[in-house]
Amino acid sequence: MAAARRGRAADPRAMFMREAVEPGPAVPQGLIRAARKSGQLNLSGRNLSEVPQHVWRINLDTPEEAHQNLSFGAADRWWEQTDLTKLILASNKLQCLSEDVKLLPALTVLDVHDNQLTSLPAALGQLENLQKLDVSHNKLKSIPEELLQLSHLKSLLLHHNELSVLPDGFGQLVSLEELDVSNNHLTDIPTSFALLINLVRLNLACNKLQSLPADLSAMKSLRQLDCTKNYLETVPSKLATMASLEQLYLRKNKLRSLPEFPSCELLKELHAGENQIEILNAENLKHLISLSVLELRDNKIKSVPDEIALLQKLERLDLSNNDISRLPYTLGNLPQLKFLALEGNPLRTIRRDLLQKGTQELLKYLRSKIQDDVTNSNEEPPVTAMTLPSESRINMHAITTLKLLEYSEKQAAVIPDEMFNAIRSNPVTMVNFSKNQLSEVPPRIVELKDSVCDVSLAFNKIASISPELCVLHKLTHLDIRNNFLTSLPEAMESLTRLQIINLSFNRLKVFPSVLYRIPALETILLANNQVGAIDPLQLQKMDKLGTLDLQNNDLLQVPPELGNCETLRTLLLEGNPFRTPRAAILAKGTAAVLEYLRSRIPT
């Protein structure tokens with residue numbers, strides 16, 4: 001060894017050389033050589049528990065080949081190596097990063113997502129050229145103050161960590177254009193956020209925020225704001241003055257109303273589903289002249305204002321699962337509307353079969369009714385009711401004329417026998433027992449088996465489906481969302497005419513296998529359960545299935561074979577823990593997702 005050193009020392013080139021650190025076995029020498037030429041090193045998915053020292057010293061140590069190669073061809077001029085500018089250490093088992101990261105001052109991109117980091121080194125603050133830092137999917141509980149010195153940082157990804165607080169001086173990161181702190185434990189946002197005037201995308205989703213600072217309105221460049229799944233009860237009115245805002249996500253909060261949007265003339269997408277919004281008024285809508293997507297599903301909206309017809313660029317309108325009984329016919333005049341979702345509403349003026357014909361037929365119908373609209377269209381139909389000793393109010397008009405048996409929003413533990421007795425020789429086709437305290441399917445529902453085709457038992461406390469429901473052989477629509485179901489009985493296979501089933505907000509941990517054997521199913525709504533897997537081969541056999549909603553479940557992966565379900569027109573997968581398809585793919589819509597999945601099928 002000493003002789004070898006003497007031999008090298010005799011070479012005049014030795015003045016440029018230092019002793020090289022032996023590369024660890026996990027990092028091939030070829031990668032290191034390539035990194036010296038390209039300035040980029042990708043060590044993702046290599047099971048590293050620590051970063052080898054020679055990686056940190058890649059710009060300092062003389063490469064091993066310099067001691068062996070005396071020809072020095074153009075490709076081997078190690079002294080002309082490029083400083084490392086991009087280092088990817090994602091998907092390893094790193095528990096910490098060395099302070100030696102400061103030995104890579106030229107870094108512009110550092111990606112250490114999907115590791116087991118519990119802290120970050122203070123030396124990160126010395127990487128003055130850093131523009132993108134991805135430390136998402138780790139176990140970080142805090143952010144070092146030194147990080148705030150990164151004045152050129154444009155993208156900071158902190159999502160899926162364990163952060164409960166952010167440094168007060170966060171506003172010092174004045175160059176930030178993208179900030180993602182979603183899926184943490186944040187309870188408030190530093191007021192200094194207002195200083196991030198170059199921020200374009202801000203993701204605050206899946207935290208514990210109860211309010212937003214009004215000062216966020218100072219972010220004049222912000223185009224995308226995601227506040228999904230927090231505890232927001234209101235939105236600051238000043239937020240609605242953000243003139244650059246194009247996408248606003250407020251889903252899964254506790255909002256009772258929407259703010260007015262006097263200045264958001266560039267807003268293209270407003271997502272406010274799964275809240276407690278009861279009123280949608282003209283002031284909420286009339287300024288949103290650029291809006292193309294309005295998503296308000298799973299709220300408590302009772303009516304839609306005529307001013308919705310002002311949204312001339314609207315392409316998608318989702319009003320599913322609200323309390324809307326009538327629609328303004330002027331909806332039919334929206335020239336760009338391609339998707340209109342209305343399922344799960346107690347619509348009285350539109351026949352159920354019309355809703356199944358798709359958006360264009362529905363709009364055509366609404367346009368035809370504009371001329372026929374009468375001035376008393378907002379009056380309730382005359383009701384003939386009698387009060388029985390049980391104090392149940394029986395709407396005989398609904399039974400005889402609308403063929404509807406309704407006993408909803410009574411907080412009742414049982415349906416009074418008088419309700420079933422009142423039917424007598426009047427066959428009903430629709431049953432609405434929603435929003436009560438029912439712990440089981442009313443046994444007497446079996447008496448309706450020869451006529452009923454639409455049953456709503458939503459918002460109750462039903463833990464299992466009884467045999468009585470399984471003999472309703474004419475059933476086409478079943479709404480049993482917001483209950484305590486953990487499984488479905490195999491006997492439901494006899495519901496051969498069932499087209500739509502809403503099982504959202506239950507406690508299902510597996511995709512009910514009986515659904516695969518109901519060939520008439522066109523719509524399966526399974527959002528907000530705990531489903532962990534689906535069988536794409538079984539789904540392919542369901543040749544009428546057009547809508548599958550699996551949002552907010554526990555899917556760890558999406559089988560590529562799902563892409564072969566060619567009948568699917570609407571596939572909703574947001575809010576699951578899988579990594580692929582990425583959110584950007586999901587945002588492109590069902591056709592793009594299916595195409596992506598097909599491309600992943602092994603050949």
Side-chain angles (χ1 to χ4, degrees), residues 300-304 319-327 342-357 362 365 369 374 376-388 390-412 414-438 441-460 462 468-469 471-483 495 497-502 523 525:
K300 300 177 180 180
I301 298 169
K302 292 181 170 56
S303 64
V304 179
L319 296 168
S320 308
N321 305 325
N322 277 281
D323 294 330
I324 300 166
S325 58
R326 289 184 177 82
L327 282 177
L342 295 168
E343 64 264 18
N345 282 287
L347 290 166
R348 303 291 158 90
T349 54
I350 300 176
R351 299 190 316 275
R352 178 74 71 176
D353 64 311
L354 186 60
L355 290 176
Q356 303 311 308
K357 290 183 178 179
L362 182 53
Y365 168 79
K369 298 296 289 183
V374 290
N376 64 350
S377 62
N378 288 323
E379 295 177 5
E380 290 295 325
V383 172
T384 304
M386 58 181 181
T387 303
L388 297 167
S390 67
E391 295 186 354
S392 62
R393 185 172 175 85
I394 299 178
N395 188 337
M396 289 306 298
H397 175 271
I399 291 175
T400 57
T401 305
L402 302 176
K403 301 187 182 303
L404 167 67
L405 180 62
E406 181 164 22
Y407 195 78
S408 61
E409 299 189 64
K410 308 290 187 190
Q411 300 302 306
V414 296
I415 303 299
D417 284 335
E418 289 84 358
M419 293 299 299
F420 291 100
N421 295 339
I423 297 172
R424 294 190 290 274
S425 59
N426 297 295
V428 295
T429 59
M430 294 184 288
V431 171
N432 184 2
F433 292 157
S434 64
K435 299 182 180 177
N436 282 297
Q437 300 288 322
L438 304 179
V441 177
R444 288 189 65 181
I445 203 169
V446 72
E447 299 172 18
L448 313 177
K449 64 184 178 65
D450 292 326
S451 61
V452 73
C453 60
D454 188 329
V455 171
S456 177
L457 294 164
F459 297 93
N460 278 288
I462 298 170
E468 288 85 0
L469 190 70
V471 299
L472 304 181
H473 58 90
K474 291 192 175 181
L475 196 63
T476 59
H477 300 77
L478 176 60
D479 186 353
I480 197 160
R481 63 192 148 117
N482 291 80
N483 276 281
L495 301 177
R497 299 187 185 183
L498 190 63
Q499 297 173 7
I500 296 178
I501 186 166
N502 192 341
T523 297
L525 307 177

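These values consider heavy atoms only, across backbone and side chains, with no hydrogens, waters or symmetry-generated copies.
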Find the distance between CD1 (I480) and CG (L469) and round it off to the nearest 0.5 Å.
-> 6.5 Å
I399 side chain reached by V428 side chain, heavy atoms, under 4.5 Å = yes
Separation of L448 CG from D450 CG (nearest 0.5 Å) | 9.5 Å
For the atom pair CZ (F459) and CG (N436), what is the distance rounded to the nearest 0.5 Å?
-> 12.0 Å
Are the side chain of N345 and the backbone N or O of N322 linked by a donor-acceptor pair below 3.5 Å?
-> yes
Indicate yes or no: at least one non-hydrogen side-chain atom of D454 is less than 4.5 angstrom from one of V431.
-> no
Could you tell me which residues satisfy side-chain hydrogen bond (donor to acceptor under 3.5 Å, both in side chains) with E468, sequence neighbours excluded, listed by chain and number?
-> S466
In Å, rounded to the nearest 0.5 Å, how long is the span from CG of N432 to CG of D479?
-> 8.5 Å
Carefully, step by step, assess L475 and V455 under the rule side-chain contact (heavy atoms from CB on, under 4.5 Å).
-> CA-CA 8 Å; L475 196 63; V455 171; 3.6 Å; yes
Give a yes or no answer on whether the side chain of N460 reaches the backbone of F433 with a donor-acceptor pair at less than 3.5 Å.
-> yes
With the side chain counted from C-beta on, respond yes when L342 and L347 share a heavy-atom pair under 4.5 Å apart, and no when they do not.
-> yes
Heavy-atom distance under 4.5 Å between the side chains of K474 and K449, does that happen here?
-> no
From CA spacing to verdict: side-chain contact (heavy atoms from CB on, under 4.5 Å), C453, T429 = CA-CA 5 Å; C453 60; T429 59; 4.0 Å; yes
Tell me yes or no: between the side chains of H477 and N502, is some donor less than 3.5 Å from an acceptor?
-> no
When rounded to the nearest 0.5 angstrom, what distance separates CG in L478 from CG in L472?
-> 9.0 Å
Is there side-chain contact between M430 and V452, with at least one heavy-atom pair below 4.5 Å?
-> no
I301 vs I324, side-chain contact (heavy atoms from CB on, under 4.5 Å): CA-CA, chis, key distance, verdict | CA-CA 6 Å; I301 298 169; I324 300 166; 4.2 Å; yes
Correct closest heavy-atom pair for N483 and I462 would be OD1-N, 2.9 Å
Would you give the length of the straight line joining atom CG of L457 to atom CG of N482, rounded to the nearest 0.5 angstrom?
-> 12.5 Å
Applying side-chain hydrogen bond (donor to acceptor under 3.5 Å, both in side chains), name anything that partners D323, two or more places apart in sequence or on another chain.
-> K435
Pair N421-R444, side-chain donor/acceptor within less than 3.5 Å = yes
